[in-house]
Amino acid sequence: MYFLILRGAISYDSSDQTALYIRMLGDVRVRSQVGFEPERRGSHPYLGIDFRTLHSRAESAGSIPARRIRRLFSFQRHLLSSRLLRGAPHLNPLHILDEDYCGQAKCMLEKVGSWNFEIFLFDRLTNGNSLVFLTFHLLNQYGLIELFQLDMVKLRRFLVLVQEDYHNQNPYHNAVHAADVTQAMHCYLREPKLAQSLTSFDILLGLLAAATHDLDHPGVNQPFLIKTNHYLAALYRNTSVLENHHWRSAVGLLRETELFSHLPVEDSLSIERQLGSLILATDISRQNEYLSRFRTHLDENDLCLGHASHRHFVLQMALKCADICNPCRPWELSKQWSEKVTEEFFHQGDIEKKHKLEISPLCDSEANTIASVQIGFMTYVVEPLFAEWARFSDTRLSQTMLGHLGLNKASWSALEPEASGSSEEGESEPGRATEEPSSRALSQGSQES
């Protein structure tokens, strides 16, 4: 027996009402997905590309057929990460740790459980390989490689492919963000309530979901994909489009590398399904649904982590927290993330302006500032979630996160009058602040998702 399998579907409650910024996303529900095929990798970022050639209207306009365009993009991605060109890494599995974790990077990994972990510095020290090194280190540290008898060469190859399928040209939704979320998830897994209750299987799922939760993110949000008739929007019927794509892409890599091929088929399929359940929970349009359910459990004090379904729900909430934890980091780190996500929003807005599309909320650089986006996001998305997480896990880490959140919000509020050209209070634009979180959430995987 390899591990205890969580059986049965997780039921989802419908949210009663959503905040204004989430209502802009529409009422989105996740449908049950069974017997699916893994997503073929080939989605291409929009940087420098005329997205109008991506949908069926291109044919009527006399341009290159959409089907041919998609094949072209897939081939471009294939050139970047082809197995034929790159091949499997030829490493001696007995020496992977000694060869890769050296010098300052190795010293940093000794403090990987610190909430002040400098992910940008770690990425530089690992020459842009932070996701591979950090995830491999954590899987090894938890003893999961030995426990689940994972082939180290297959695991290494899987992590390399995961990292390559993140788009480095995205200012925010890239492999460094995935590494940051994985490190945050590790911090949450070490919290007393979770550390005492989670099984090794739960931990494996949590780390894999964190590492792959934004896999192959195109750098634009779901409404953009829908209004440009992107094939992913059609494929997933405008429902959790990005989250479904991230999940299916992760499943595709798991099967391609045969990471779990030594497990019984039923067990590997269970991993895939539950990985999807975790990743789909990062859909920001379902934020109030999960938050309401979490709050009800806490009010009634009926969370029993001895039950597999309750542990899985807590993992979902932990991943949601990890995905949008940037405002809860120290100012130096939080500010960098804020600048990166806003740059990505504004880039989408520039594309929309260029092609005379309605500009998405928070994506207009002339109507929004970094400060206004962050204040709204913290107020309407981050604070409610982390307040409930602190009720569930009232620890030093939770208080530290709330402390940073308050200080960071005050810092952005102090910058808002200067940034907007107004000398009045920085939080005096509720309409604008309400829209901001929506877009940030949209575009962030968990923050976009």
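Please read all numbers here as calculations on a predicted model, not as lab measurements.
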Start with the C-alpha distance between K335 and E339, add both sets of side-chain angles, then the distance that settles salt bridge (charged side-chain N to carboxylate O under 4.0 Å, His left out), and finish with yes or no. CA-CA 6 Å; K335 183 173 182 289; E339 293 168 347; 2.6 Å; yes
Would you please test M401 and L397 for side-chain contact (heavy atoms from CB on, under 4.5 Å) and show each step? CA-CA 6 Å; M401 292 190 296; L397 174 59; 4.1 Å; yes
Which is it for E388 and R391 under the salt bridge (charged side-chain N to carboxylate O under 4.0 Å, His left out) test, yes or no, and what are the steps along the way? CA-CA 5 Å; E388 297 305 319; R391 286 180 62 199; 2.7 Å; yes
Go through the steps to decide whether D364 and K353 satisfy the test side-chain contact (heavy atoms from CB on, under 4.5 Å), and finish with yes or no. CA-CA 9 Å; D364 188 347; K353 288 179 184 178; 3.2 Å; yes
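For Q399 and T395, the side-chain atoms include no donor-acceptor pair closer than 3.5 Å. With 3.5 Å as the limit, one finds a donor-acceptor pair spanning the side chains of S393 and E191. A donor atom on one side chain and an acceptor atom on the other are found under 3.5 Å apart for K409 and T379. Between the side chains of E352 and Q348, at least one donor N or O lies within less than 3.5 Å of an accepting N or O.
A donor-acceptor distance shorter than 3.5 angstrom exists from the side chain of Q336 to the backbone of E332, with no hydrogens or angles considered. For the pair Q183 (side chain) and V112 (backbone), a donor-acceptor distance under 3.5 Å is present. Put simply, the side chain of K354 never gets that close to the backbone of G349: no donor and acceptor are under 3.5 Å apart. No side-chain donor-acceptor contact under 3.5 Å links S240 to the backbone of D283. Looking only at distances, no side-chain donor or acceptor of N170 sits under 3.5 Å from a matching main-chain atom of Y172. Between the side chain of N238 and the backbone N or O of I226, no donor-acceptor pair lies under 3.5 Å.
Because its NZ or CZ atom is not both nearer than 6.0 Å to the ring centre of F117 and within 45° of the ring axis, K111 does not count as a cation-pi partner of that residue.
H404 has its side chain within reach of W115: a pair of non-hydrogen atoms, C-beta onward, lies under 4.5 Å apart. Looking at heavy atoms from C-beta onward, L278 lies out of side-chain contact with W247 at the 4.5 angstrom threshold.
For H213 and H177, the gap between ring centers is short of 6.0 Å. Ring centers of H186 and Y142: under 6.0 Å apart, within the cut-off. The aromatic ring centroids of F392 and H297 lie 6.0 Å or more from each other. The six-membered or imidazole ring of W412 lies away from that of F377, with a centre-to-centre distance of 6.0 Å or more. In this structure, F386 has its ring center no closer than 6.0 Å to that of W389. Ring pair H167/H217: centre-to-centre distance not below 6.0 Å.
Electrostatic pairing of E343 and K340 does not count as a salt bridge here, judged by no charged N lying under 4.0 Å from a carboxylate O.
No more than 12 heavy-atom neighbours from other residues, nucleotides or ligands sit within 6.0 angstrom of CG on N127.
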